[in-house]
Colleague: 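Please find one structure pasted underneath; my questions will follow.
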Amino acid sequence: MHTNTRLLTLAMLLAVFISACSKDEETPAYPLTSFESQAKAYFKEVALGFESGGASEITRRWESPIRIFVGGNYSPQHMDELNLTVAQLNEVMAPTNYIEVVSDTTQSNCYFHFGSAESYIELFPDMRNSLRGNVAYFNVWWLNDEINRSRIFIDTTVEFYKQQSTIREELAQSLGLGKDSPLYPNSIFYETATDGGFATSYSSLDLELVRLLYHPMMEIGLNELGTDGRINSIYQAETGE
């Protein structure tokens, strides 16, 4: 009897020890800061899939430089806004990738159109239904989850602050951050059923999402679980731990 009791006690202690080890293994080695936790959750909300088209909810991004050709009816103000936006995005995309504006359409893989909806539909008749009720729109194409072509429309018949906002939003979304979100009103991705958002600058959280998507350790084709672990690894690597 005494021997059996001792064996049972040892078995129970071993089970508790194994359980404790398992819990330790589930706990991330590096505790994320509040901002990092916020960025990870927001990344999974915005960066997996797109608003329309039924694309699978995985990471997609450009693996080659984005070369923008600007068309339509645009002003120096429009180009100032676009160039400023490109500079901001390039700062956080480096060293993995970059965007540039080119003057030769044959060198481009992104067509950026300023003008009325009618002028855009004249070029791309298939966009008629998509533009209904929208002041901007983006399309992307990919192969094996690598984005390789995009097209962006900005309606210049609306107030200029809305154009400032949509330049930033559509370009960021065409990078692979394809979804809107109702979470943060100061975010360029903010949108609800009754509020279009129209932030005119990137928030620190917006720029962090771009940085994470184009981080050298990030990969295309990751689902929510894979993205979660990869972002943990990125932040842990950056601490040197």
Side-chain angles (χ1 to χ4, degrees), residues 40 42-72 82 85-86 88-114 120-121 123-131 134 136-154 166-181 188-189 202 206-231 233-234:
K40 182 173 75 168
Y42 201 37
F43 186 96
K44 292 188 290 183
E45 171 132 346
V46 170
L48 304 180
F50 296 93
E51 287 293 327
S52 59
S56 54
E57 295 190 328
I58 58 175
T59 52
R60 294 179 178 89
R61 71 179 187 182
W62 296 76
E63 297 291 350
S64 57
I66 301 98
R67 296 187 167 94
I68 299 172
F69 178 80
V70 181
L82 179 58
T85 301
V86 166
Q88 288 179 309
L89 293 173
N90 278 342
E91 190 172 334
V92 290
M93 290 171 69
T96 305
N97 211 336
Y98 65 90
I99 309 167
E100 63 178 341
V101 178
V102 299
S103 56
D104 185 349
T105 184
T106 63
Q107 296 179 350
S108 69
N109 48 24
C110 171
Y111 176 64
F112 207 108
H113 185 89
F114 290 98
Y120 195 62
I121 292 167
L123 294 174
F124 308 104
D126 60 310
M127 293 301 299
R128 182 173 298 278
N129 290 335
S130 298
L131 294 192
N134 288 309
Y137 207 87
F138 79 95
N139 296 92
V140 293
W141 289 263
W142 61 81
L143 179 64
N144 298 325
D145 302 320
E146 177 184 335
I147 301 173
N148 53 34
R149 186 162 67 96
S150 65
R151 209 165 62 195
I152 296 171
F153 163 70
I154 305 296
T166 53
I167 288 169
R168 288 162 175 79
E169 180 182 9
E170 304 308 303
L171 186 51
Q173 291 193 309
S174 74
L175 297 179
L177 299 166
K179 292 186 176 180
D180 297 320
S181 170
I188 205 73
F189 305 109
Y202 291 121
D206 294 339
L207 292 173
E208 181 68 357
L209 299 197
V210 178
R211 190 184 78 86
L212 287 172
L213 182 59
Y214 283 86
H215 193 282
M217 289 176 61
M218 184 56 70
E219 294 182 19
I220 57 176
L222 296 181
N223 60 16
E224 182 175 357
L225 184 61
T227 297
D228 192 281
R230 186 56 52 90
I231 292 176
S233 297
I234 288 172

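All heavy atoms count here, side chains included; hydrogens, waters and symmetry mates do not.
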Colleague: Kindly compute the distance separating CG (L48) from CZ (R60), expressed to the nearest 0.5 Å.
Modeller: 9.5 Å
Colleague: To the nearest 0.5 Å, what is the distance between CZ (R67) and OG1 (T106)?
Modeller: 11.0 Å
Colleague: Just so I know, are the side chains of L175 and I99 near enough to count as touching, which here means a heavy-atom distance under 4.5 Å?
Modeller: yes
Colleague: Are V101 and F112 packed together at the side-chain level, in the sense that at least one heavy-atom pair is separated by less than 4.5 angstrom?
Modeller: no
Colleague: Heavy-atom distance under 4.5 Å between the side chains of F189 and D206, does that happen here?
Modeller: yes
Colleague: Does one side chain, of N90 or E100, offer a donor that lies under 3.5 Å from an acceptor on the other?
Modeller: no
Colleague: Are I152 and I68 side-chain neighbours, meaning at least one heavy-atom pair lies under 4.5 Å?
Modeller: no
Colleague: Would you mind reporting whether R61 and M93 have side-chain heavy atoms less than 4.5 Å apart?
Modeller: no
Colleague: How close do I154 and I167 get, heavy atom to heavy atom, and via which atoms?
Modeller: CD1-N, 3.8 Å
Colleague: Would you find a donor on one side and an acceptor on the other, under 3.5 Å apart, between the side chain of W62 and the backbone of S174?
Modeller: yes
Colleague: Which pair of heavy atoms, one from F69 and one from D104, lies closest together, and at what distance?
Modeller: CD1-C, 4.0 Å
Colleague: Quick one, I66 and V86 - any side-chain contact, counting heavy atoms below 4.5 Å?
Modeller: no
Colleague: Parallel, tilted or perpendicular: which one describes the rings of H113 and Y120, with boundaries at 30° and 60°?
Modeller: tilted
Colleague: Considering non-hydrogen atoms only, spot the tightest contact between I234 and L212 and give its length.
Modeller: CG2-CD2, 4.2 Å
Colleague: Keeping the roles fixed (side chain from Y214, backbone from N97), state whether a donor-acceptor pair exists under 3.5 Å.
Modeller: no
Colleague: Any sub-3.5 Å donor-acceptor pair from Y137's side-chain atoms to M127's backbone N or O?
Modeller: no
Colleague: Can a donor-acceptor pair be found, under 3.5 Å and without considering hydrogens, that links the side chain of K179 to the backbone of E45?
Modeller: no
Colleague: Between W142 and F50, how do the two ring planes meet: parallel, tilted or perpendicular, split at 30° and 60°?
Modeller: parallel
Colleague: Are the side chains of L123 and Y111 in touch, meaning some heavy atoms are under 4.5 Å apart?
Modeller: yes
Colleague: Would you name the heavy atoms of T96 and H215 that are closest together and state the gap between them?
Modeller: OG1-C, 3.9 Å
Colleague: So does E219 get a backbone contact from the side chain of T59, meaning a donor-acceptor N/O pair under 3.5 Å?
Modeller: yes
Colleague: Minimum heavy-atom separation for I121 and R128, please, with both atom names.
Modeller: CG2-NH2, 3.3 Å
Colleague: Taking CD in E51 as the centre, count heavy atoms belonging to other residues, nucleotides or ligands within less than 6.0 Å. Is the count above 12?
Modeller: yes
Colleague: Has the side chain of R230 got a donor or acceptor atom that lies under 3.5 Å from a matching backbone atom of M217?
Modeller: yes
Colleague: What's the shortest heavy-atom distance between N148 and N109, and which atoms?
Modeller: O-CB, 3.7 Å
Colleague: Rounded to the nearest 0.5 Å, how far does CD of Q88 lie from CG of L207?
Modeller: 6.5 Å
Colleague: Using 0.5 Å steps for rounding, measure from the CD atom of Q173 to the OG1 atom of T166.
Modeller: 10.5 Å
Colleague: If you measure from CG on L213 to CG on L177, what distance do you get to the nearest 0.5 Å?
Modeller: 5.0 Å
Colleague: Any side-chain heavy atom of F153 sitting closer than 4.5 Å to one from N139?
Modeller: no
Colleague: Output the distance between atom OG (S150) and atom CG (L171), rounded to the nearest 0.5 Å.
Modeller: 8.0 Å
